[in-house]
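Reviewing the structure listed below.
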Protein chains: 2
Amino acid sequence: MQNAAIITVGNELLNGYAVDTNSSWLAGKLLLASIPVVYSCSVSDDIEEIKEAIQYASGKADIILITGGLGPTDDDLTRNGLAKFLGVELEYHDEIYDKIKKLFKARKYSIPEKNKVQAYLPAGTSEIENTLGTAPGILYENDKKIIAAMPGVPSEMQKMFEESILPKLFSRRRHGDDFFIIRKIKCIGAGESTIAEMLGDLMARDRNPQINCTVSQGIITLHIIARAEDKKSAEKMAAEDVEKLSGILGKLVYGFDEQSLAEVVGQKLSEQKKTLATAESCTGGLIAKMITDIPGSSSYFTGGWVTYNNEAKISQLGVEKGLIEKFGAVSSEVSAAMAAGARQRSGADFAIAVTGIAGPAGGTEQKPVGLVFISIAGPRTLDTEQFLFGPRNRDFIRLRTCQNALNLLRLKLGS
Amino acid sequence: MQNAAIITVGNELLNGYAVDTNSSWLAGKLLLASIPVVYSCSVSDDIEEIKEAIQYASGKADIILITGGLGPTDDDLTRNGLAKFLGVELEYHDEIYDKIKKLFKARKYSIPEKNKVQAYLPAGTSEIENTLGTAPGILYENDKKIIAAMPGVPSEMQKMFEESILPKLFSRRRHGDDFFIIRKIKCIGAGESTIAEMLGDLMARDRNPQINCTVSQGIITLHIIARAEDKKSAEKMAAEDVEKLSGILGKLVYGFDEQSLAEVVGQKLSEQKKTLATAESCTGGLIAKMITDIPGSSSYFTGGWVTYNNEAKISQLGVEKGLIEKFGAVSSEVSAAMAAGARQRSGADFAIAVTGIAGPAGGTEQKPVGLVFISIAGPRTLDTEQFLFGPRNRDFIRLRTCQNALNLLRLKLGS
């Protein structure tokens, strides 16, 4: 079984200016390629540090992926660190410099003298083509190890990895190496521990497929990792588990793999040829934003209102002034009236409305921060639910409100 | 000068399930505390790996911060890894178990047998109190080194670091250690290279204060790091640079330190006692969302429309049907009419309107993906600007549209 280590290079990773997302992206891709990552580290722009990191990683893994430090400036030192680790000199490659010059010419820039350094590679290594930027990658390979240095810019790194590195890693698979197949089940509507309880022994650590659970922003993702000697068996095992778990979890499952809640809701609306409008108070446009994150959403989303103050609720959605005076803007009555008004004024089949107290100010004993009403108006029904997401911060309350609103519509649209 | 290394523990960090944000958060806090981070790594839930990582980090840094692996389950092994590094056994502490039991009682749960393991600490270390969760932190300290193991849950880790670790690090400062003061200048409206050119020698690497530049989602942040033997001098140096750079960059500077564009626009509106409405097409509610991210925005934001289809533009904003037929929904004419309609119907002093093609579909040769019109209607003016943000992805185009819309309003509101 091959395994991998990831080294990210750059002072910005060590002073808190940047969150390293390259490691996580690479680790995810490597897992999909059946290659576990055993170690990752970030080091500063320093030749000795880079060399040492490669040395240490080389004691742990067969595959070493490095990102960053390939630019043209004085603090781009991955070339030098790798050369030092390999115990070789840097060599100038005219054909690489030609490519870089051409790239500058195409962009109608004159090439700065500094960029010449990008045409140097450690002796015995080869160029990995960068089709998006000036920094070529560097590849070192022998029977046992492979070291690939890629640019730190995520888009350039990702393209280079998928086009040039990944095929190479597959070609290096040894006979008998296991295949991993990973499927995801995405859930909303219950906590991690409830779901773990429902699944019981299925989540045992030594089971194959292994089932892991992660939680991010209220969405629970079950990762099914099936491992077998051939790809087909692993795929079958994963598919069987997807079915088994979906059966157990029922309506908690909203989608699979990379699907977002808004995407699933959009698919249902499209299939049923229904349209949707939104009327938002406390979420301030975030529900509409999530819906329109999905390309093609214009075919089912007619539009929305952000009725942030009472006047807007009255004039834009036709909520009665007396209703607001009697029950307050954050009430099930006003929520329902917003949904009914949005549905009627937009002509859409469904309307979502939300009103709540996102905080930090504005809460009272009767109506605390985190109190939210969500209404779904449909052709035959108008339902309102009350939620209490607090006391938490503003972003948390707003996000949970959006997810629950989309989820209520999902359940209303049926399966 | 003290320096630090960060070790994050957890399989989830090595299989791509989770992005490690703890390292970046800690590194930022340490830099603010004048402690540079020289190394960071992620290791799996394995005693030997954890021990080795501490050993390696210990060769590089005086301060070692560990996060993760302190929970009650079988794969929480930071306790054991640290004990192995120190060459000691784990010792049971009744008083810690009492605290954990109390916590469970307060939450009305019965305590699982598993949690007893959290009452064990390596001999010679002490408990760091966790006021938010069950996992106590672990502190090892001698004249030269300090090792602190904290929970992986960001909120628990952050509170523990700020309450218990940071004061300790300050108390360990040696005579003659430098103080760092960090200020940030936030810019929009020019690229990184333009700004670097305007600043010239001020960005020289060996200058004090050092000025670094980072770019995130179209916002350029200049970090001014002033270093001096006493705090006051460092503060003065940083303040002088803030003034100097602001003078050079002029209107490109929208704010300082942690300010967002929406926050600055909101402040200006509040100060001038003006109100704002939005009318969004391609951004689908994201501008309203950004504005309402700011607590208290209800005092100046009346509300907004997400007029995603033509009917909504006509019925909700009063855009003339003929205008859309003649110029198309994505046109300066319709953009201006949306802004005028939103301003008039909301009664707000200002209205922002945007219409554009966010893609991936919908582009033509005349109107490609990325074409966006932004209008600002005010008491005396109605201005429309055309932008071409493509060909880029949907998220990029939508985000840049929002930022430019807010920036146009900022410039309109003056300084």
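Protein chains get the first letters and strands the later ones, always in sequence-line order, with residue 1 at the start of each.
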[X] versus chain A, heavy atoms under 4.5 Å apart: side chain, backbone, both or neither?
X      : value
B:N11  : side chain
B:A358 : neither
B:I6   : neither
B:V38  : backbone
B:T278 : neither
B:D46  : neither

What are the two closest non-hydrogen atoms of [X] and [Y], and how far apart are they?
X      : Y      : value
B:K60  : A:E49  : NZ-OE1, 3.1 Å
A:G359 : B:P295 : O-CB, 4.5 Å
B:L14  : A:A27  : O-CB, 3.5 Å
A:V19  : B:D20  : CG1-O, 3.9 Å

In Å, rounded to the nearest 0.5 Å, how long is the span from [atom1] of [X] to [atom2] of [Y]?
X      : Y      : atom1 : atom2 : value
A:L30  : B:N15  : CG    : CG    : 11.0 Å
B:Q316 : A:S346 : CD    : OG    : 7.5 Å
B:Y17  : A:T221 : OH    : OG1   : 10.0 Å

So, the side chain of A:R398 versus the backbone of B:T292: is there a donor-acceptor pair under 3.5 Å, distance only? yes
Taking side chain as everything from C-beta outward and backbone as N, CA, C, O, which of these in [X] sits under 4.5 Å from a heavy atom of chain B? Side chain, backbone, both or neither.
X      : answer
A:A4   : neither
A:I182 : neither
A:N212 : side chain
A:T283 : backbone

For the candidates [options], which exhibits the highest count of non-hydrogen atom pairs separated by less than 4.5 Å from chain A?
options                      : value
B:I294, B:D74, B:I7, B:V43   : B:I294
B:E311, B:E52, B:K29, B:R345 : B:E52
B:D75, B:T8, B:I287, B:N310  : B:D75
B:A288, B:S42, B:S298        : B:S42
B:S40, B:A312, B:G303        : B:S40
B:A279, B:G28, B:G284        : B:G284

Find the one option among [options] whose heavy-atom pairs under 4.5 Å with chain B are most numerous.
options                       : answer
A:T21, A:L286, A:T214, A:D293 : A:D293
A:I291, A:T302, A:L31, A:T307 : A:T302
A:G362, A:S44, A:S216, A:G285 : A:G285

If you measure from the Lys or Arg side-chain nitrogens to the Asp or Glu carboxylate oxygens, is any gap between A:E280 and B:K289 under 4.0 Å?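 Looking at B:K289 together with A:E280, the answer is no, because their closest N to O distance does not fall below 4.0 Å.
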Per the ring-ring contact (aromatic ring centres under 6.0 Å, His included) rule, which among B:W305, B:F301, B:Y300 passes with A:Y308?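 Result for ring-ring contact (aromatic ring centres under 6.0 Å, His included) with A:Y308: B:F301.
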Taking atom CD of A:E48 as the centre, does the number of heavy atoms from other residues, nucleotides or ligands within less than 6.0 Å exceed 12?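 Yes, the 6.0 Å shell around CD holds more than 12 heavy atoms from other groups.
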The criterion is salt bridge (charged side-chain N to carboxylate O under 4.0 Å, His left out); which residues satisfy it with B:R227, sequence neighbours excluded?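 Salt bridge (charged side-chain N to carboxylate O under 4.0 Å, His left out) list for B:R227, sorted by chain: B:D178.
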With sequence neighbours left out, write down each residue that passes ring pair (Phe, Tyr, Trp, His ring centres under 6.0 Å) with A:Y56, or none if nothing qualifies. A:Y39, B:Y56
